[in-house]
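Before any comments, here is the structure.
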Number of protein chains: 2
Amino acid sequence: MITLYLAEDQSMLSSALAQLLNLEDDLKVLGTSGDGQTAWLDINRLKPDIAILDIEMPKATGLDVADDILAAHLATKVIILTTFAQKAYFARAVKAKVSGYLLKDSPSDDLVTAIRNVMTGQTIYDPELVRNMVNAADNPLSDQEMVVLKSAADGDTTKEIAEKLFLSNGTVRNYLSAIFSKLGVHNRLEAVNMAKNNKWF
Amino acid sequence: MITLYLAEDQSMLSSALAQLLNLEDDLKVLGTSGDGQTAWLDINRLKPDIAILDIEMPKATGLDVADDILAAHLATKVIILTTFAQKAYFARAVKAKVSGYLLKDSPSDDLVTAIRNVMTGQTIYDPELVRNMVNAADNPLSDQEMVVLKSAADGDTTKEIAEKLFLSNGTVRNYLSAIFSKLGVHNRLEAVNMAKNNKWF
DNA sequence: GAATAGGGATGACAAATGTCACATGATTCA
DNA sequence: TGAATCATGTGACATTTGTCATCCCTATTC
């Protein structure tokens, strides 16, 4: 019997999957939750064989939970189940040594198969993911630049950014200029769009 | 026996729901698809009792499909199943005389209940939706203003917007200024953020 | 100890942006 | 018919943005 835990903030999917998985003779869902925080508490308590984690959830992401599981040396294996084939997400997942990374646009049968395969020690990455990885852009921005860009993304003016970050007006403009040149764009909106499309935030 | 059609572009959810619904004695899923165009073709051919439609899908939205169904005077009833409790979406759904509007963060059992209730002639709106409707902002922008804002949202500069829309530079700036004043903001980025948050695009 | 790189800052400049007041022709509505 | 409204445009203005060259200070490295 393989025991499972399901963390997914979309109830429709979460409840549907839980019911389906429980129909399988060899699978048992020990619990579910809709946010990363309770997910981690539950997992640490219930110690399921496999935790199926969505990435974008309230309070803590599935990747945060995966980190926690790794740090606590639990035997629980992790399958990430997400909409997003983003390089950055995938890279973090690999660092957290997850056993599987599935996309929500594969059918639910794939999840069942993945669960059984992961249980035998295999590592499962969605093939579409690997394709997307190739032409995905790496984030070329420094930490500081990202902070500036994030603030700009909120619609903050140069002056407001400068005040928030305790920098001078000119410095902020320099940072933005450097950001644009790195990204090959010429204004804030384009830079923000690019960052959002690549999920750099 | 209630016959169903399922249009949902996220395979994981679509396949899971289809399996679950088919487990019910009185329900039968005639078909599924992941885009609005094939959904409409299938529905017109299969004439299910109820079509369950996601809104945001490739090629045509669920609301487009609902319009088609209404225009063709099919007996098929429509249940919209979406992530978004947006005023604009809901208003369009009501205009298309849909029989139900459910959010994906309600459990799948709710969907089953809704299907049976809709079949008896009831109209089902997610209660959370009604709550969200109250404090949701209406889009105060004119069509032309929306076009301008959309272009700006792509990162286009004033000049580029003017060229695209065959307007003078000054006119575009006037439009943007009017937009900002209506929205209570002071630059493009803020305006775009507000529009995106309210799903005005 | 000199060279180098990186974070932060200045000053200067051109261009873009945001704001206003106002003009004109077309449409709508009383 | 006349008033009101709307879409579009102009000109003028103050600010903000984006770009660049250059500078200072502090680590880091050879």
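Chain A is the first sequence line, chain B the second, and so forth, proteins listed ahead of strands; every chain is numbered from 1.
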What I want to check is whether the side chains of [X] and [Y] have a donor and an acceptor closer together than 3.5 Å.
X      : Y      : answer
B:D42  : B:Y5   : yes
B:T123 : B:S99  : no
A:S151 : A:D156 : yes
A:S11  : B:D105 : no
B:D64  : B:T61  : yes
B:S168 : B:T171 : yes
B:D35  : B:T38  : yes

Mark up nucleotides 10-22 of chain C, 5' to 3', with B wherever a protein heavy atom is under 4.0 angstrom from a base atom, S wherever such an atom reaches only the sugar-phosphate, and - elsewhere. B-B---SBBBB--
To the nearest 10°, give me the bend of the helix from C:dG1-D:dC30 to C:dC29-D:dG2, comparing the axes of its five terminal pairs at either end. 30°
Grab the CZ-C1' distance between B:F166 and D:dG9 for me, whole Å please. 17 Å
Nucleotide D:dC6, atom C1' - distance to CG of B:D143 in whole Å: 13 Å
Positions of residues 190-197 of chain A (non-hydrogen atom under 4.0 Å from DNA chain C), listed by number: none
So, OP1 or OP2 of D:dC6: does either fall under 4.0 Å of a side-chain N or O from B:Q144? no
